[in-house]
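Take a look at the structure set out below.
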Amino acid sequence: MRANEIKDLIIKGDAAGTAWGVEEMLAAGLAVDDIIQGILVSAMNVVGERFREGQIFVPEMLIAARAMKAGLKILEPLILQAGRKYLGKVVIGTVKGDLHDIGKNLVGTMLQGAGWDVVDLGVDVAPEKFLKAVKEQKPAAIGLSALLSTTMGSMKTVLGLLEQEGLRSQVKVLVGGAPVSEKYATEIGADGYAPDAGTAVHVFARYAS
Ligand code: B1M
């Protein structure tokens, strides 16, 4: 099976075919990062384009997401087997009003593989819930993910709440997700920004204990 054929399976939402294709790619010696970026993420970008152009709708986007997740599931043990030294604890989540979790999950798995204890709050996480987690879990850093331009404002609310509660100096805040940029991160006073999961691992590493 060729890379383009697997991309088509993801776009069509064929989860079993995607999983099988990813296994084939691994057996052929393709690197995990190349499978993620070159095939899985690339397929989801096509899905996003088609949605924007009105060629497909939410249900098709949803089944494509399921297929992508089936592919990532095959790769997960390989990402996690890195077994590096313990780096500390991080809390991650997708911000309020936002249900996109694939990128956030990928960031979480890669951080775990790098040696972080990852507390994942899930999706649609209210600012108050991030605050509670900072108080209870005392992480070195929190990672906020947003995929919608309408939800990224919640990142600023989280930073404001931390400030208000006198906790801002105790925790680093990293932001990411498709509509988020370095400029936006600086504007809202976040400590870091990462455009992808691999970069997130490097940025979080600065905050290791
Ligand atoms: Co939605 N969606 N979606 N969607 N969706 C986008 C994001 C969109 C760009 C599609 C488009 O129009 N082209 C668009 C947003 C436009 C905008 O606001 N700028 C959009 C829209 C409009 C919507 C709805 C509003 C549609 C509707 O209902 N009319 C709706 C909103 C629901 C909600 O959240 N309240 C909606 C719903 C959905 C589904 C549920 C159907 C599904 C999500 C399923 C799921 O996640 N479980 C879905 C999908 C699949 C997409 C696209 C096609 C793919 C997203 C994805 O998983 N990409 C997406 C188009 C696109 O991105 N090209 C789209 C793969 C993933 C690995 O990449 O998440 O970007 P990504 O993560 C990357 C980086 O961004 C970064 O690292 C990751 C890995 O490298 N990153 C971080 C992410 N978080 C990070 C955190 C960090 C650091 C890096 O530090 C903490």
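Since we're looking at a predicted model, the values are computed, not measured. Atoms within a ligand are numbered from 1 in the order they appear, just like the ligands themselves. If you read the sequence from its start, that first residue is 1, and numbering goes on from there. Heavy-atom basis, side chains included; hydrogens, waters and symmetry copies ignored.
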Honestly, for D124 the part within reach of ligand 1 (heavy atoms, under 4.0 Å) is neither
Ligand 1 versus I102, non-hydrogen atoms closer than 4.0 Å: side chain, backbone, both, neither?
-> both
Are [X] and [Y] packed together at the side-chain level, in the sense that at least one heavy-atom pair is separated by less than 4.5 angstrom?
X    : Y    : answer
T94  : L99  : no
L162 : I142 : yes
E165 : K135 : yes
K69  : D101 : yes

For [atom], what is the nearest protein heavy atom, given as residue, atom name and distance?
atom                    : answer
atom 80 (O) of ligand 1 : A197 N, 3.2 Å
atom 84 (N) of ligand 1 : S145 OG, 2.8 Å
atom 40 (C) of ligand 1 : L62 CD1, 3.8 Å
atom 76 (C) of ligand 1 : P195 O, 3.4 Å
atom 19 (N) of ligand 1 : S149 OG, 3.4 Å
atom 81 (N) of ligand 1 : G177 N, 3.5 Å

Protein-side N, O or S atoms sitting under 2.8 Å from atom 1 (Co) of ligand 1 are H100 NE2
Salt-bridge criterion met for [X] and [Y] (N-O under 4.0 Å):
X    : Y    : result
D8   : R2   : no
K73  : E76  : no
E187 : K183 : yes
R50  : E60  : no

Under 3.5 Å donor-acceptor, D98 side chain and S145 backbone | no
Partner of L30 under side-chain contact (heavy atoms from CB on, under 4.5 Å), chosen from L26, D33, V32, D34 = D34
Per-atom contacts of ligand 1 with [X], taking only distances under 4.0 Å to non-hydrogen atoms:
X    : answer
D98  : 34 (O)
L106 : 79 (C)
A178 : 75 (O)
L174 : 90 (O), 91 (C)
A65  : 44 (C), 50 (C)
D196 : 76 (C), 77 (O), 80 (O)

Considering distance alone, does some N or O of [X] sit under 3.5 Å from an N or O of ligand 1?
X    : result
R52  : no
E49  : no
T150 : no
L99  : yes
G97  : yes

Would you say the side-chain atoms of N45 and S42 include a donor-acceptor pair closer than 3.5 Å?
-> no
I188-V180 co-clustered via ILVMFWY side chain contacts under 4.5 Å |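 Result: yes, single cluster for both.
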Nearest-0.5 Å distance, CG of residue N4 to CG of residue L9 |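 Answer for the CG-CG pair, N4 versus L9, is 11.0 Å.
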What's the spacing between L72 CG and I102 CD1 if we round to 0.5 Å?
->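 It is 7.0 Å, given to the nearest 0.5 Å.
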Contact with ligand 1 for A64, non-hydrogen, under 4.0 angstrom | no
Check if N45 has a non-hydrogen atom at a distance under 4.0 Å from any atom of ligand 1.
->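 It does, in that a heavy atom of N45 comes within the 4.0 Å cut-off of ligand 1.
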Nearest to atom 86 (C) of ligand 1 by heavy atom, A190, A43, G176: which?
-> G176
Heavy-atom nearest neighbour of atom 67 (C) of ligand 1 within options M44, M68, K104 |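 Result: the heavy atom closest to atom 67 (C) of ligand 1 is in M68.
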Which heavy atom of A178 sits nearest a heavy atom of L147, and at what distance?
->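 Minimum heavy-atom contact is CB-CD1, 3.8 Å.
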For K156, does the NZ atom have more than 12 heavy-atom neighbours from other residues, nucleotides or ligands under 6.0 Å away?
->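 No - once you tally the heavy atoms of other residues, nucleotides and ligands closer than 6.0 Å, there are 12 at most.
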